[in-house]
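Presented below is the structure to which this report refers.
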Amino acid sequence: MSILVLAEHDNASLKSATLHAVTAAQKIGGEIHILVAGAGAQGAADAAAKVAGVAKVLLADDAIYGHALAENVAKLIVGLAGNYSHILSAATVNGKNILPRASALLDVQQISEISAVESADTFVRPTYAGNAMTTVQSSDKIKIITVRATAFDAAAETGGSAAIEKVASGGDAGLSKFLGQEVQKTERPELTSARIVVSGGRGMQSGENFKMLEEVADKLGAAVGASRAAVDAGFVPNDYQVGQTGKIVAPDLYVAVGISGAIQHLAGMKDSKVIVAINKDEDAPIFQVADYGLVADLFTAVPELAKELNK
Amino acid sequence: MKVLVAVKRVIDANVKVRVKADGTGVETQNVKMSMNPFCEIATEEAVRLKEAGKVTEIVAVSLGNAQCAETIRTALAMGADRGIHVQTDVELQPLAVAKLLKAVVDKEQPGLVILGKQAIDDDSNQTGQMLSALLGWPQATFASKLVLNDNATANVTREVDGGLETIEVKTPFVMTTDLRLNEPRYASLPNIMKAKKKPIDALTPEQLGVDPTPRLKTLKVAEPPKRSAGIKVKSVAELVDKLKNEAKVI
């Protein structure tokens, strides 16, 4: 068996999500290749070659892969698919955008966001916002899979010395074009890979009040997240959203502030190692999953927390 | 331009889902069913395009058992013009849905197909991408803003990791909706009454020439491991102490 893992990267470097997908590939077993499709992506390919357990890196370097347009990357994957028993990607926005397109072109029913590998054809995946863990067996010749990064440890970033092989571009499908992006500029760690996450909910009352959380987050080296309610209320952008419809996180410490704990939010954070809840409503469902609960008004507790962390 | 909207009937988002004791699935008996929230956003977007004069007709499609007709009625009450119900009792997986929708698109020739980015039951997030692949069309997934241009293209802003991205796609194309695209309306009573008179055509997978047999076999459905509640602390100082000295996470 050989397994192709689609790299998540920014051309210069490899994103940590890829390391988790490599671990899932190791659990399946077989020779692991990483595909880096990018523009000027030698840096990302070099990083991929160092990942422990990787046998080969395929580098498709072409301007058309600069922004990971699904039409072009899926076409490239389809061209390479014949050599592989499994094709994996982390369940990032890119992975979710590209892999189903490749699956349909290969007449394969993809298996989304697996959280465990039972065997080479059998996998566990959360459904119903994580309220039901479903074990599925695939009868397709190639298994195409996205991986829930938080369910697998990261493979070691160093220790490997894979060869980098250049592969020909699959060509431009000519269907879509990248126009621009607005990326949040922040010194804080990325939400999905942060060791600590501080999240706010509807209880924050305004976007302005999130500054209090940012202060705490900066003291802890944490990322800032939010519940869907806070996003819907317009306090913060959607990419802050933790939950079934947003990002899935599993940090060492998750601090939920002014978050009631709707099912859809819990689905995104309940695998965190330690959960802290600060809420003035002592009956809030968030306390049922919190390791440490503080029943308090967040507008006094959060500044106090910032002060306490200075000590 | 004609728009096709795909709508899925799912367990209502506010229902606490329970796994069946025999591990074959989840409890659906006497459980409230609704239109998948992302499909509501898809329907709303189509209706707004029609209200803006950019779209002439909205066709709402649902696939599955007899009750899916109710979900089509919901879309009709929101403003869709007519419905297509692909009737089957076979468990439909995303690839089969994409193939069935492709067959419907081939008949209907819309300029745009809008779907939700994922259904909140199987959480697959595949169908829109698969449909556009099968049609050879561009895909604009995780959409938070749509602008139809005059030159047979559209600009779509997408919710990506870390922010927003805008792409230009050629029409016809497939779009999948993210949360912030719009806020779906509630259907008014007069519109619900009017929707009862709107036509719904029934089709079968056989008529569409598609084999919907599932590729994935469900072996088991289980409850996730339960997380138990911890302790309540009395003060911020105690909390910080516990995090430092007991949990050792800060």
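Chain naming here is simple, since letters A, B, ... match the order of the sequence lines and numbering starts at 1 in each.
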Is it the side chain or the backbone of [X] that comes within 4.5 Å of chain B heavy atoms, both, or neither?
{"X": "A/Gln241", "result": "side chain"}
{"X": "A/Ala290", "result": "backbone"}
{"X": "A/Leu69", "result": "side chain"}
{"X": "A/Ser115", "result": "neither"}
{"X": "A/Lys311", "result": "backbone"}
{"X": "A/Leu309", "result": "side chain"}
{"X": "A/Val302", "result": "neither"}

Is the side chain of [X] donor-acceptor paired with the backbone N or O of [Y] at a distance under 3.5 Å, no angle test?
{"X": "A/Glu113", "Y": "B/Ser124", "result": "no"}
{"X": "B/Gln129", "Y": "A/Pro100", "result": "no"}
{"X": "B/Arg227", "Y": "A/Gln288", "result": "no"}
{"X": "B/Lys117", "Y": "A/Thr245", "result": "yes"}
{"X": "B/Arg180", "Y": "A/Asp232", "result": "no"}

What option among [options] has the most heavy-atom pairs under 4.5 Å with chain B?
{"options": "A/Ser176, A/Gly180, A/Ala132", "answer": "A/Gly180"}
{"options": "A/Ala91, A/Ser272, A/Gly246, A/Ala74", "answer": "A/Ser272"}
{"options": "A/Asp252, A/Leu294, A/Leu253", "answer": "A/Leu294"}
{"options": "A/Lys270, A/Lys273, A/Arg228", "answer": "A/Arg228"}
{"options": "A/His67, A/Glu71, A/Gln109, A/Gln181", "answer": "A/Gln109"}
{"options": "A/Val124, A/Asn238, A/Thr134", "answer": "A/Asn238"}

Query - Name of the residue among B/Val26, B/Val19, B/Val15 meeting side-chain contact (heavy atoms from CB on, under 4.5 Å) with A/Tyr128 - result: B/Val26

Query raised in the report: Applying the side-chain contact (heavy atoms from CB on, under 4.5 Å) test to B/Val249, which of A/Ile196, A/Asp291, A/Val274 qualifies?
Result: A/Val274

Give, for atom [atom1] of [X] and atom [atom2] of [Y], the distance between the pair rounded to the nearest 0.5 Å.
{"X": "A/Leu99", "Y": "B/Asn125", "atom1": "CG", "atom2": "CG", "answer": "11.5 Å"}
{"X": "B/Leu134", "Y": "A/Leu105", "atom1": "CG", "atom2": "CG", "answer": "7.0 Å"}
{"X": "A/Gln264", "Y": "B/Ile120", "atom1": "CD", "atom2": "CD1", "answer": "9.0 Å"}
{"X": "A/Leu175", "Y": "B/Thr171", "atom1": "CG", "atom2": "OG1", "answer": "11.5 Å"}

Taking the side chain as C-beta and beyond, is there a heavy-atom pair between [X] and [Y] under 4.5 Å?
{"X": "A/Ile263", "Y": "B/Lys16", "result": "yes"}
{"X": "B/Lys217", "Y": "A/Ser139", "result": "no"}
{"X": "B/Leu95", "Y": "A/Val108", "result": "no"}
{"X": "A/Ser103", "Y": "B/Met130", "result": "yes"}
{"X": "B/Lys242", "Y": "A/Val276", "result": "no"}

Looking at every heavy atom in both [X] and [Y], which two are closest together, and how far apart are they?
{"X": "B/Lys170", "Y": "A/Gly174", "answer": "NZ-O, 3.0 Å"}
{"X": "A/Gln244", "Y": "B/Asp123", "answer": "NE2-OD1, 3.0 Å"}
{"X": "B/Gly136", "Y": "A/Arg101", "answer": "C-NH2, 4.3 Å"}
{"X": "A/Gly130", "Y": "B/Pro224", "answer": "O-CG, 3.2 Å"}

Tell me whether [X] at atom [atom1] has more than 12 heavy atoms from other residues, nucleotides or ligands lying less than 6.0 Å away.
{"X": "A/Lys219", "atom1": "NZ", "result": "yes"}
{"X": "B/Glu223", "atom1": "CD", "result": "yes"}
{"X": "B/Gln109", "atom1": "CD", "result": "yes"}
{"X": "A/Lys307", "atom1": "NZ", "result": "no"}
{"X": "B/Lys107", "atom1": "NZ", "result": "no"}

Is it the side chain or the backbone of [X] that comes within 4.5 Å of chain A heavy atoms, both, or neither?
{"X": "B/Leu131", "value": "neither"}
{"X": "B/Gln118", "value": "side chain"}
{"X": "B/Thr218", "value": "both"}
{"X": "B/Ala98", "value": "neither"}
{"X": "B/Arg158", "value": "side chain"}
{"X": "B/Ser235", "value": "backbone"}
{"X": "B/Leu216", "value": "both"}
{"X": "B/Phe173", "value": "neither"}

**Report entry** Candidate pair A/Ser112 and B/Gln126, rule side chain to side chain donor-acceptor pair (under 3.5 Å), full reasoning
**Finding:** CA-CA 8 Å; A/Ser112 290; B/Gln126 298 176 8; 2.7 Å; yes

Requested in this report: For side chain to side chain donor-acceptor pair (under 3.5 Å), just list the numbers for A/Asn97 and B/Thr141, CA-CA rounded to whole Å, side-chain angles, deciding distance to a tenth of an Å, and then say yes or no.
Outcome: CA-CA 7 Å; A/Asn97 192 34; B/Thr141 55; 2.6 Å; yes

Report task. Scan side-chain atoms only and decide if B/Arg215 and A/Ser138 contain a donor-acceptor pair under the 3.5 Å cut-off. Result -> no

For the interface with chain A, which of [options] has the highest count of heavy-atom pairs at distances below 4.5 Å?
{"options": "B/Gln139, B/Lys244, B/Gln93, B/Lys226", "answer": "B/Gln139"}
{"options": "B/Asp161, B/Asp122, B/Val17", "answer": "B/Asp161"}
{"options": "B/Pro138, B/Gly230, B/Ala229, B/Gly163", "answer": "B/Pro138"}
{"options": "B/Leu219, B/Val10, B/Val169", "answer": "B/Leu219"}

Report task. Give the intermediate values and the outcome of side chain to side chain contact (heavy atoms under 4.5 Å, CB included) for residues B/Asn155 and A/Leu179. Result -> CA-CA 8 Å; B/Asn155 291 4; A/Leu179 295 181; 3.7 Å; yes

Requested in this report: May I ask you to check if B/Lys232 and A/Tyr292 form a cation-pi contact, with NZ or CZ under 6.0 angstrom from the six-membered ring centre and within 45° of the axis?
Outcome: no

Query raised in the report: Charged N to carboxylate O below 4.0 Å: is that the case for A/Asp107 and B/Lys99?
Result: yes

